[in-house]
Amino acid sequence: MSSMAYNSAAGLGGMLKDGTQHYSNADEGTHSASVVLRNIEACLQLCQMLSTSLGPQGRSKLVVNHLGKILVTSDCHAILAEMEVEHPAAKLLQMATSKQNEACGDGTNLVLTFAGELLWNTLELIQKMGWQHASEIVEGFHVAARRVQNDLLPNLVCGLVTDVTDEPALLRILKPVLMSKQMGSQNVLAPLVAKACLLVMSKDKKKIFADAVRTVKILGSSVEKSELIEGYVAQRGLETTTIEATDCKIVVFASGVEASSTEAKGTVLMKTADDLKKYNKTEESKMEEIILGLKESGAKLVVAGGNVSDMALHFMDRCGLMCLKVSSKWELRRLCQATGATALVRLGAPTPEEMGHAESVQVKEVGERTVTIIKSSAQTKIATILLRASTSSVLADLERAVEDGVRAVEMVCKDGRLVHGGGAVEMAMAVELTKQADTYPGLEQYSIRAFAKALEVVPRTLAVNAGWDAKVVADLQAAHASNPISAGNICDMGIDIENEQIASMKESEVVDLLGTKLSAIKLAVDAALTILKIDQIIMSKPSGGPKM
């Protein structure tokens, strides 16, 4: 037993380590829901700030991170990733959006906006009903979420992608995803992403290798100049004078192509000029022997992961070999994947199994930037989308849009069911849930009705971000009320972002993936319920010294 004596009168502060912060309901006196209310208010600040970025007409945010890097985007995950959120409850929402981006790519802003609306409606219930705790609200949200995920959303399926190799079907899915990130560029990017995904798809057509689709950003010109290249693109030229070849065998070295230095320092004593000549000739003859060995193996391109000495370049030019220097280990792995080569850690002639192959290698100038294009063979699959834009911020946003598009195609391979977009399914579920809330005799009916009201945030935010008034949302609600889900027909009326009215999403070809919707709603509900269940916050003293 420790000899340290604790003061029982000190309470929790005497038990915890110095610097620990503790917030509980007792701190606020009479109202026992004080911690819940403070958590909700903190999360609402975050949600209200980013809800204006929902949809194709959403506004962008300018974020300057701690390194001075400027980010201009409307992508919710990218904004939250650069923000340093301190409040622990708000961090739960940040983690939920991060998980949605990792799983589906699209729908990150939906997670944050819907979770924020759930918390806002909870706040209204607590204040109006005078509830002392949120247990009744949590139970009602559980009932509504199960109803949405198990019955309502599956009954709203409007289509199914049976053939993932069908390019028009992929374009129909990709355009809404890309439009929400970079409106106006979807007609250019969607065909590129679709063809890239088809290129790297597995033989059984059930999976795509997302890592095999890469992007290369080159500043200048416009988005229309973007192109798809079947192979690897290095953002630098070749080191040798030979800059073009076809049917190339490739050897990749993980290290540089130069004379290796010894671990221990040595001293060479030279007495005459002949000694110096012999020493230089020995090093030259060894390097010439290595390069000749590469030439005899049939290699045409040498890729070095480090420095290439002038002597090595001299002998490569004499032998007609090409040399490419790739400093990044990550890019070196990508190149090995594109060509089927094995990165060697020794200098010398490779075996046939260790060599890669490419249909062609050429140097090209794109936007005053010299690039090397290595077109991969049929055995290896890698696609590179060469992105062009006028500013670096737009380029970064285009890159994020491509990544989200690839993940959307990845989701189609798992579940090809589609639902109408433009807030159509959210309004349909809201109308149906409002009707079903009256069938519950307990207090859950109030929280079920609040859940239904929260679903209306999607069409309402789409309309507000497009600069319209709430009359459009009322018209949409009336249209869905006259076509209930139980009647067997699916109402496809949604928000038309180009005209100040509601329109058929089927005719507009605005669709969303069912898997993305299910994942977003599940993560938003889980995050909101977790925040509502918290009644105490205990924060340890931060590690390290004082803040700069």
Side-chain angles (χ1 to χ4, degrees), residues 51 54-58 104 106-107 109-111 113-114 117 144-145 147-149 151-161 169 172-180 183 186 408 411-412 415-436 451-466 468-522 524:
S51 64
L54 179 68
Q57 298 281 16
C104 307
D106 193 27
N109 214 322
L110 174 60
V111 173
T113 304
F114 182 52
E117 193 69 11
R147 183 74 175 142
V148 165
Q149 294 172 6
D151 298 328
L152 297 182
L153 254 181
N155 290 333
L156 289 169
V157 172
C158 66
L160 177 66
V161 179
R172 184 186 176 200
I173 295 163
L174 284 170
K175 283 183 179 180
V177 174
L178 300 175
M179 192 189 301
S180 63
M183 189 175 181
Q186 67 274 9
M411 180 65 72
V412 172
D415 187 356
R417 291 178 292 174
L418 306 174
V419 294
H420 292 300
V425 291
E426 286 84 3
M427 184 58 78
M429 291 188 295
V431 171
E432 189 66 23
L433 271 180
T434 304
K435 292 179 182 178
Q436 294 179 5
F451 192 99
K453 186 181 177 182
L455 285 168
E456 297 177 7
V457 70
V458 176
R460 185 175 71 247
T461 307
L462 288 174
V464 170
N465 289 346
W468 307 339
D469 54 27
K471 180 180 178 295
V472 180
V473 181
D475 294 341
L476 183 63
Q477 189 176 25
H480 282 274
S482 60
N483 292 280
I485 300 175
S486 57
N489 56 341
I490 300 174
C491 183
D492 62 346
M493 301 303 288
I495 299 293
D496 185 359
I497 60 171
E498 295 180 356
N499 305 297
E500 192 173 343
Q501 61 182 6
I502 61 174
S504 170
M505 294 294 100
K506 184 177 181 181
E507 295 178 2
S508 303
E509 293 189 345
V510 178
V511 293
D512 288 326
L513 286 168
L514 177 67
T516 302
K517 288 282 186 188
L518 284 171
S519 174
I521 291 175
K522 182 179 183 301

Requested in this report: Rounded to the nearest 0.5 Å, what's the gap from CE on Met505 to SG on Cys491? Could you check?
Outcome: 10.0 Å
Query raised in the report: Of all heavy-atom pairs between Leu462 and Gly423, which one has the smallest distance, and what is that distance?
Result: CD1-N, 4.0 Å
Query raised in the report: What's the verdict on side chain to side chain contact (heavy atoms under 4.5 Å, CB included) for Met427 and Val473, showing C-alpha distance, side-chain angles and the deciding distance?
Result: CA-CA 9 Å; Met427 184 58 78; Val473 181; 3.8 Å; yes
Requested in this report: Please test Leu513 against Asp415 for side chain to side chain contact (heavy atoms under 4.5 Å, CB included), starting from the C-alpha separation and ending with a verdict.
Outcome: CA-CA 8 Å; Leu513 286 168; Asp415 187 356; over 6 Å; no
Query raised in the report: Excluding sequence neighbours, so at least two apart, what forms side chain to side chain donor-acceptor pair (under 3.5 Å) with Ser519?
Result: Gln100
**Report entry** Verdict with reasoning, Leu152 to Leu433, per side chain to side chain contact (heavy atoms under 4.5 Å, CB included)
**Finding:** CA-CA 9 Å; Leu152 297 182; Leu433 271 180; 3.9 Å; yes
Query raised in the report: Is there side-chain contact between Ile495 and Gln57, with heavy atoms separated by less than 4.5 Å?
Result: no
Query - Heavy-atom check, side chain of Gln186 versus side chain of Leu174, under 4.5 Å - result: no
Report task. Mind listing the closest non-hydrogen atom pair of Leu110 and Ala520 along with its distance? Result -> CD2-CB, 3.7 Å
Query raised in the report: Judged by atom type as modelled, is there a donor-acceptor pair below 3.5 Å linking the side chain of Asn465 to the main-chain atoms of Leu54?
Result: yes
Report task. Provide the closest heavy-atom pair for Ala430 versus Ala452 in the form atom of the first, atom of the second, distance. Result -> CB-O, 3.2 Å
Query - Nearest heavy atoms of Ala481 and Val431, plus distance in Å - result: CA-CG1, 3.9 Å
Query - Taking every non-hydrogen atom, the tightest pair across Val148 and Phe451 - result: CG2-CE2, 3.8 Å
Query raised in the report: Roughly how far apart are Ser180 OG and Asp512 CG, rounded to 0.5 Å?
Result: 9.0 Å
**Report entry** CA sep, side-chain torsions, deciding dist, call: Val177, Thr516, side chain to side chain contact (heavy atoms under 4.5 Å, CB included)
**Finding:** CA-CA 11 Å; Val177 174; Thr516 302; over 6 Å; no
Query raised in the report: Got a salt bridge between Lys517 and Glu426, using NZ or NE/NH1/NH2 to carboxylate O under 4.0 Å?
Result: yes
Query raised in the report: Can any side-chain N or O of Ser482 pair as donor or acceptor with the backbone N or O of Ala479 at less than 3.5 Å?
Result: yes
Query raised in the report: To the nearest 0.5 Å, what is the distance between CG (Leu455) and OG1 (Thr434)?
Result: 8.5 Å
Query raised in the report: So, His420 side chain and Met493 main chain: donor-acceptor pair closer than 3.5 Å or not?
Result: no
Query raised in the report: Only one of Ser504, Cys158, Ser508 forms a side-chain contact (heavy atoms from CB on, under 4.5 Å) with Asp492, so which one is it?
Result: Ser504
Query raised in the report: Which residues pass the side-chain contact (heavy atoms from CB on, under 4.5 Å) test with Arg172, sequence neighbours left out?
Result: Leu418, Val511
**Report entry** From CD1 (Ile173) to CE (Met411), nearest 0.5 Å
**Finding:** 11.5 Å
Query raised in the report: Do Asn109 and Thr113 have side-chain atoms, one donor and one acceptor, less than 3.5 Å apart?
Result: yes
Report summary line: Closest heavy-atom pair, Ala503 versus Asp496, reported as atoms and distance to 0.1 Å, is CB-CB, 3.8 Å
